Each structure stands twice: as C-alpha cells, then as structure tokens.
> 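Below is one structure. I have some questions about it.
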Amino acid sequence: MSERATSRTGSTAQAPAVSGPQELRNVVLVGLSGSGKTTLTESLALAAGAITRAGKVGEGSTVSDFEEIEHQQQRSVRLSLVPIQWRGVKINLLDPPGHADFAGELRAALRAADAAVFTISATDPVTGPVLALWQECARAGLPRAIAVTHMDAARADFDEVLAACRQAFADGHPDAVQPVDLPVRGDGRMRGTVELLSGETHGQADPLPPTEPAREQLVEAIAGEDDELLERYLGGEQLDSGALTRGLRGAVLHDSIHPVLPLTEDGTGAVDLLDLIVSAFPAPPDRPMPEPLPPDQAPDPDAPLVAQVIQNTGDPYVGRLSLLRVFTGTLHPDEPLLVTGPDGEPTQERAAGLTSPFGKQQRTMDRAVAGDLVCVGKLGSAKVGDTVSDPAAPTRLEPWSLPEPLLPVAIEAHSRSDEDKLSQGLSRLTAQDPTVRVEQNPATRQLVLWCTGEAHVGVVLHQLAEQHGVQVAQVPYKVALRETFGGTATGHGRLVKQSGGHGQYAICELRVEPLPGGSGFEFVDQVVGGAVPKHFIPSVEKGVRAQLEKGVGAGYPLVDVRVTLVDGKAHSVDSSDAAFQSAGALALRDAATRTTIRLLEPVAEVAVLLPDEYQGPVFSDLSVRRARVLGTEPAGPGQSLLRAEVPELELTRYAVDLRALTHGTGSFTRTPVRYEPMPPALAAKLVKAEA
C-alpha cells in the first residue's frame with residue numbers, strides 16, 4: 001500500500017518522461033456526454049498525484065475542459081490530453097467530447113490511442129447511442145475496459161449495469177464482459193472496492209460482498225484464453241494473482257475480455273483502474289501500425305521519424321500547436337521535418353519546440369519517443385491527418401475517416417472589417433477543425449459552412465468570433481434552384497434607338513423549346529437569307545447565355561432549353577455586337593411571357609443507416625419530405641440501410657431531425673443525382689415568400 005500512498009501525493013511539475021515505448025499507455029475515455037468521462041479524468045489525475053484537488057465540471061474547474069465555450073455549453077467540445085504517471089508508466093489520457101456533433105474529435109483520439117476505457121453511467125440505461133460508440137471503438141480495433149461511473153448514486157445497481165453491458169457488448173459471448181472489481185456498499189451507496197484477482201480491498205470495505213462466484217467466473221474466462229493457464233486450471237492448480245494478471249493482459253490485448261470496474265464521483269475505484277491500465281492495457285509495441293507501415297513493425301525510437309497530426313489548436317501566446325502521435329523514431333526540438341498531406345505534396349517545416357499539454361499549461365519536453373504524444377509549435381502547413389516524417393525517409397500515413405458535415409449554415413460578415421478577415425479566419429478554422437467544410441456557392445452566391453450538427457455550429461461561430469476575431473451573422477440558407485420552359489414559345493427582341501450620333505439597331509426572333517432534364521443548353525442558327533449577319537449570330541447567343549444565368553422568372557438560372565434563332569434584322573451602320581446581345585436577351589424574356597416557367601429543384605439520393613426499430617418513424621418522416629423510397633437492405637445485426645431520393649429543399653435540417661427521430665443512432669449520406677420539376681403549388685409559395 002505504500003506505493004499507492006506515495007503515488008497519490010505531490011504534483012507533477014514537468015511532463016512525465018519515458019525512456020522507451022514500453023513505459024507508455026495511450027488511453028482514450030469514450031462515453032456519452034454526462035457519462036462521467038471528464039470527472040473520471042480528474043479522479044485519475046488526482047489519484048496519480050498530477051493534481052492536488054479534483055475540479056468540477058459544473059464549476060468549469062477541470063483540467064480537461066478549460067475553454068470558454070466548454071464552460072458555456074457545460075460539455076467537452078475539444079479533445080484534451082492529460083498525461084499522468086503511475087508506477088513508472090506514463091499514461092496519456094485522451095478525453096474527447098461525448099456529443100455526436102464532435103465525432104471527428106473522437107476519431108482523432110481513437111487514432112492516437114492504444115486502448116479505450118468505456119464509461120457507462122450506473123444511472124442511465126445502455127442505449128443505442130452507447131452501442132454505436134462501442135462499435136466505433138471496435139472498428140478502430142481498440143481493446144476496451146468498462147468503467148461503471150456514478151456508482152455512489154442512491155439507485156446505482158452494479159449487477160444490473162453488468163447484465164446490460166453483457167447483453168449489449170458481449171456479441172454472443174457473455175464471458176467477454178467480466179468484472180475485475182466488485183463494489184463494497186454501505187449506507188446504500190458504494191464506499192469501496194474489492195479486487196477479484198488479488199482479494200485486496202480499498203476504501204470502506206466492510207462488509208464485503210460475496211466474491212467467490214464472480215472470481216471463479218473471471219478465472220475461468222482468463223484461463224480459457226491461455227492454453228498454459230487452462231491446463232494448469234483444469235489440473236486443479238491454484239493460479240496466483242500474478243499469473244492471472246498476465247493472462248488477463250493477454251486476453252485484453254486480443255480483445256477477448258473487457259474488464260469492468262465500478263467507480264464513484266469522489267474517486268473510489270480510480271486507483272484500481274490505474275493499476276489495470278498499467279498491468280493489462282497494451283503498450284505501443286503491442287499494437288499494429290497504421291497503413292502503409294507494416295502492421296507488425298516495432299515502434300523503434302532509433303528508426304526514422306514517422307508521426308501523424310492528431311489535432312491542431314490555436315494558442316494566443318505561441319500560435320498554432322499541433323498534437324502528434326509518434327509512431328516510430330524520436331522527435332527532438334528544432335529538427336527539420338517533412339509534412340505530407342493527402343495529396344502527397346510534402347512541405348519542409350521545423351519543430352519549433354516540444355511541449356506536453358496539461359489543461360491550459362504547456363510543459364516542455366526534451367524529446368518524444370516512439371509511441372508518445374507531443375505538441376509541436378508552428379507547423380504552419382500541417383493539417384489534421386497529415387504525416388510528419390524525417391526528410392531523409394519521406395512517409396505518408398493513411399488518414400482516418402471523418403464524419404461528413406451535412407448541416408448547412410449560410411453566413412455573412414458582420415462588417416467590412418470582418419469581411420476582410422473572414423478568409424484568413426476560415427482558413428485557420430478548417431486547419432483546426434477538419435469536420436467543417438467551407439463552400440462558396442456560385443449559384444446562390446452564399447458562403448456556406450457545412451457542420452455536423454447544431455452544437456457544432458455554435459462552437460464554429462464562437463471560434464470565428466473569439467479566436468479569429470471575425471463576427472458573422474447567420475442568414476437563411478438557399479438551395480440552388482433552376483428554371484426551365486414548360487412548353488415551346490417564341491420571342492421577339494427589338495432594340496432600335498436613334499440619337500444624334502451612332503444609334504443601336506438589332507432585331508431577332510427566337511424559338512425556345514424545353515429539353516429533357518440534364519440536357520443543358522443548345523443554341524441553333526436557322527436564319528436564312530442573311531437576315532442576321534453571320535458575325536452577329538454569336539452575339540445573339542452571348543446575350544441569350546447571359547440571360548440564362550439571370551433567369552427569366554424567379555431569378556434562378558435557366559437550363560434544359562434549346563434556343564433557335566429563326567429571323568432578325570440588322571442595320572448597316574447602327575447594328576453592333578452589344579445591340580444583338582441585348583436583343584437576344586430581350587427575345588428570351590419575351591418568350592418566357594408566352595409559356596409557363598417551371599422551377600426545378602435538386603434531388604439527392606440518401607442512404608440512411610438506422611436500427612430496425614426506427615424504420616417506421618423514419619419512413620413516415622421521409623414521406624412528409626416528398627421522398628421516393630428506393631428500398632431497404634440489411635446492414636448488420638438489427639440495422640437496415642434505407643435508400644431514397646429526396647428533394648434537397650427537404651434535407652436542409654435532416655442531420656438534426658434524423659438524430660432526433662432515432663435517438664442519436666441514425667446516420668445518412670447524400671449524393672446529388674439530378675434536378676426535377678417542383679410541384680407548382682410549392683413553387684408558387686416559394687416565389688411569393690422570396691418576392
């Protein structure tokens with residue numbers, strides 16, 4: 001117990017140092033907002049002696065959540081790193097946001113980590129969004145332990161949560177989810193823990209719960225994953241805690257056992273979790289390398305440097321800071337680096353300085369060995385997912401996939417001063433947050449930020465204002481509509497102006513016919529007898545094309561028409577290129593008054609991935625959105641993939657609405673397919689609203 005007591009005291013004045021990858025554990029805490037991730041980070045940091053007092057999420061005093069927007073929203077919005085040291089091992093705790101809008105931060109953390117601690121609140125059920133997070137970790141191939149938080153709540157029931165976890169996470173193998181600690185209760189609440197393998201107790205451990213059935217089940221599960229242990233166990237040998245701990249480590253590394261521990265908000269159980277991380281979690285050499293490195297390549301500190309940018313942040317004092325995961329080699333300050341993005345074009349940079357973040361602090365590091373996480377200053381060209389390598393051995397790692405931003409937000413600069421700073425502010429913003437997509441829509445002339453959800457929108461606009469000094473206003477988002485002719489019509493364009501000097505003279509007759517959707521524009525010359533001189537015919541076409549861009553009805557571009565020049569007149573002196581351009585535009589507008597102008601709306605094919613239980617509500621919602629359902633297909637246990645064609649006018653807020661309909665478990669992709677005529681009543685209503 002003396003080692004534990006020593007580890008609980010003191011303060012880490014400098015970043016923990018390591019001599020090799022075996023002394024590292026990179027651990028991501030995964031869970032929904034409110035499941036206790038940030039509180040658990042505080043408890044672990046306090047137990048390890050990295051802080052002297054645990055902060056409170058509600059007070060905004062935690063190490064992880066220190067940005068103003070996080071205090072305002074009362075939740076994490078950025079991935080934070082808290083390095084601590086326990087029993088000679090450096091543990092990099094990665095605390096990503098739990099809100100679905102910030103899944104990009106979670107995926108970055110999964111690339112940086114070697115294992116995950118999954119937080120499940122004892123007061124909340126294991127719901128679909130929790131299972132979706134579990135599957136996200138599984139796709140990343142991370143070994144997982146389960147921390148049952150809020151066990152000090154009056155209605156917390158560890159056995160009930162354990163049963164729910166086995167049903168949700170065991171994938172048909174209930175022995176895969178195994179408690180390694182049991183809670184010791186007193187006065188109706190958890191007061192301590194008892195370790196099943198060692199029998200040690202911590203906290204107020206009296207009276208002890210019956211442990212033998214749970215221990216026997218754990219021992220059988222561990223032995224079942226190790227042939228040597230199984231032979232000894234079946235032979236009747238009593239396996240010591242050291243052998244069982246080594247067996248547990250092997251089972252965790254192979255993702256065949258997910259250890260479960262109970263924890264309270266005041267830190268009971270934190271020491272047990274630290275012990276588990278050190279003894280049973282993988283070190284960097286135990287994990288495969290990212291592509292295209294050989295998966296079995298060792299993270300050799302003496303090899304050429306290969307690292308990847310996990311996160312970019314802006315610091316008011318030192319500028320841009322890039323958080324890197326070092327996969328091979330050793331990174332030193334001021335050494336030359338090669339930054340390579342997805343396009344493969346390398347950029348020469350230099351490591352301005354190495355630091356380790358701890359809340360608002362940046363602690364100096366003299367080096368970062370293979371497997372470690374480190375912040376590097378002033379890598380001006382580095383974007384999230386880029387590879388940082390030794391210039392003598394250029395390498396490019398495959399980036400991880402990011403969630404597609406599907407919620408559009410149109411913005412305008414608040415003032416001329418903001419407009420001047422907007423481009424640079426957006427450039428810095430997208431370097432920090434790759435889940436934001438910036439679009440300058442030429443059809444609607446709007447600047448559009450594509451985000452992942454409403455919470456994400458709030459953070460993006462706050463960052464533009466507070467970090468980049470750009471004030472913007474949200475404006476109604478416009479979908480790029482188009483116009484076409486509803487029938488064939490002829491038009492007369494006449495420009496005859498006589499003045500004291502050179503006049504203007506041009507007359508042309510056009511026939512306009514609608515074409516099938518997607519045909520574009522055709523111009524046909526059927527003038528006979530030289531009524532319009534040959535050198536003015538391109539002028540008529542140029543005028544028609546200019547009018548097509550402006551539209552002839554509600555002001556949307558005109559498409560899918562054939563315009564035929566059938567007749568006209570010219571003057572030997574007063575006719576000109578400009579005159580025939582104007583006459584062509586006038587004739588097109590005149591033809592538009594003689595037929596129906598139809599509005600065309602873009603249609604997208606959406607693929608909705610959702611649990612089977614929500615098919616009914618999603619089908620009903622799509623019917624309201626004027627969707628044409630193409631069909632459904634199985635997409636895994638209990639899930640379906642629904643395909644439909646939906647007008648894009650109905651998809652503006654679908655990212656938000658689908659999440660609400662499916663309680664956070666549904667997702668979708670969209671692909672533009674074509675333009676289709678809008679229902680006349682809806683078109684008339686829209687035109688009236690915009691008039």
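Since we're looking at a predicted model, the values are computed, not measured.
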> Would you indicate whether the side-chain heavy atoms of Leu248 and Ile257 approach each other to under 4.5 Å?
yes
> Between Val457 and Leu449, is there a side-chain heavy-atom distance shorter than 4.5 Å?
no
> Step through the shown structure and confirm whether more than 12 heavy atoms of other residues, nucleotides or ligands are within 6.0 Å of CZ on Arg111.
yes
> Residues two or more places apart in sequence or in another chain: which of them pass salt bridge (Lys or Arg N to Asp or Glu O under 4.0 Å) with Glu454?
Arg653
> Does the side chain to side chain contact (heavy atoms under 4.5 Å, CB included) test come out yes or no for Tyr654 and Arg659, once each step is laid out?
CA-CA 8 Å; Tyr654 195 55; Arg659 190 175 294 166; over 6 Å; no
> Are Gln308 and Arg396 close enough, and set up right, to give a side chain to side chain donor-acceptor pair (under 3.5 Å), and what steps lead you there?
CA-CA 9 Å; Gln308 195 163 30; Arg396 187 182 76 85; over 6 Å; no
> Determine, step by step, whether Leu79 and Ile310 satisfy the side chain to side chain contact (heavy atoms under 4.5 Å, CB included) criterion, reporting the C-alpha distance in whole Å, the side-chain angles of both residues, the deciding distance to 0.1 Å, and the verdict.
CA-CA 10 Å; Leu79 167 65; Ile310 301 301; 4.0 Å; yes
> From Ser415 OG over to Gln471 CD, what is the distance, rounded to the nearest 0.5 angstrom?
8.5 Å
> Between the side chain of Gln474 and the main-chain N/O of Val409, is any donor-acceptor distance below 3.5 Å?
no
> Any donor-acceptor pair under 3.5 Å linking the side-chain atoms of Thr671 with those of Glu605?
no
> Could you pull out the closest heavy-atom pair between Thr652 and Leu407, with the gap in Å?
O-CD1, 3.5 Å
> Where do Trp134 and His258 land on the ring pair (Phe, Tyr, Trp, His ring centres under 6.0 Å) test, with the steps shown first?
CA-CA 12 Å; Trp134 182 269; His258 307 300; 4.9 Å; yes
> Quick one: is the NZ or CZ of Arg437 closer than 6.0 Å to the six-membered ring centre of Trp450, and within 45° of its axis?
yes
> To the nearest 0.5 angstrom, please state how far the CZ atom of Arg25 sits from the CD atom of Gln85.
12.0 Å
> Taking Asp372 for the side chain and Val369 for the main chain, is one N or O donor matched with an acceptor at less than 3.5 Å?
no
> Are any side-chain N or O atoms of Glu349 and backbone N or O atoms of Ser381, one a donor and one an acceptor, separated by less than 3.5 Å?
yes
> So which heavy atom on Ala370 is nearest to which on Leu24, and how close?
O-CD1, 3.8 Å
> With a 3.5 Å distance limit and no angle check, can you tell me whether Lys421 reaches the backbone of Gly469 through a side-chain donor-acceptor pair?
yes
> Testing the 3.5 Å rule here: is there a donor-acceptor pair between the side chains of Thr452 and Asp101?
no
> Check whether Ser427 reaches the backbone of Ser423 with its side chain - one donor and one acceptor, N or O, closer than 3.5 Å.
no
> For the pair Arg53 and Leu46, evaluate side chain to side chain contact (heavy atoms under 4.5 Å, CB included) and give the outcome as yes or no after the intermediate values.
CA-CA 7 Å; Arg53 185 181 70 86; Leu46 180 63; 5.6 Å; no
> If you round to the nearest 0.5 Å, how far is CG of Leu94 from CG of Leu29?
8.0 Å
> Which heavy atom of Arg325 sits nearest to which heavy atom of Ala112, and what is that distance?
NH1-O, 2.7 Å
> Hey, are the side chains of Thr435 and Pro403 touching, using non-hydrogen atoms and a 4.5 Å cut-off?
yes
> Which atom names give the shortest non-hydrogen contact between Ala283 and Gln22, and what distance separates them?
CB-OE1, 3.6 Å
> Cation-pi check, Arg363 to Phe358: give yes when NZ or CZ is under 6.0 Å from the six-membered ring centre and within 45° of the ring axis, no otherwise.
yes
> Just by distance, do the side chain of Arg367 and the backbone of Met365 share a donor-acceptor pair under 3.5 Å?
no
> Between Ile91 and Leu93, is there a side-chain heavy-atom distance shorter than 4.5 Å?
yes
> Within the distance-only criterion (no hydrogens, no angle test), does the side chain of Ser61 pair as donor or acceptor with the backbone N or O of Lys56 below 3.5 angstrom?
yes
> Out of curiosity, Leu379 CG to Thr347 OG1, how far, rounded to the nearest 0.5 Å?
10.5 Å
> Would you give the length of the straight line joining atom CG of Asp433 to atom CD of Gln311, rounded to the nearest 0.5 angstrom?
10.0 Å
> Please determine if Arg670 and Glu404 form a salt bridge, counting it only when a charged side-chain N lies under 4.0 Å from a carboxylate O.
no
> Just so I know, are the side chains of Ser401 and Arg107 near enough to count as touching, which here means a heavy-atom distance under 4.5 Å?
yes
> Taking Asp300's backbone N and O only, do any of them form a donor-acceptor pair with Thr328's side chain (distance below 3.5 Å, no angle check)?
no
> Looking only at non-hydrogen atoms, find the nearest pair between Arg287 and Gly141 and report the distance.
NH1-O, 2.9 Å
> Under the side chain to side chain contact (heavy atoms under 4.5 Å, CB included) criterion, do Leu110 and Val28 qualify, and how do the steps go?
CA-CA 7 Å; Leu110 296 181; Val28 58; 4.0 Å; yes
> Look up atom NE2 in His332 and atom CG in Leu305, then write down how far apart they are to the nearest 0.5 Å.
10.0 Å
> Treating Glu291 as the side-chain partner and Glu398 as the backbone partner, does any N or O pair qualify as donor plus acceptor under 3.5 Å?
no
> Any side-chain heavy atom of Trp86 sitting closer than 4.5 Å to one from Leu273?
no
> What is the minimum heavy-atom distance between Ala410 and Tyr477, and which atoms define it?
CB-CA, 4.0 Å
> For Thr38, which of Thr119, Thr62, Asp95 qualifies under side-chain hydrogen bond (donor to acceptor under 3.5 Å, both in side chains)?
Asp95
> How about Leu274 and Leu44: do any of their side-chain heavy atoms sit closer than 4.5 Å?
yes
> Test salt bridge (charged side-chain N to carboxylate O under 4.0 Å, His left out) on Arg144 and Asp255; report intermediate values, then the result.
CA-CA 7 Å; Arg144 281 144 285 159; Asp255 205 27; 2.5 Å; yes
> Can any side-chain N or O of Asp386 pair as donor or acceptor with the backbone N or O of Lys383 at less than 3.5 Å?
yes
> If we only count heavy atoms from C-beta on, is the Pro259 to Leu276 side-chain gap below 4.5 Å?
yes
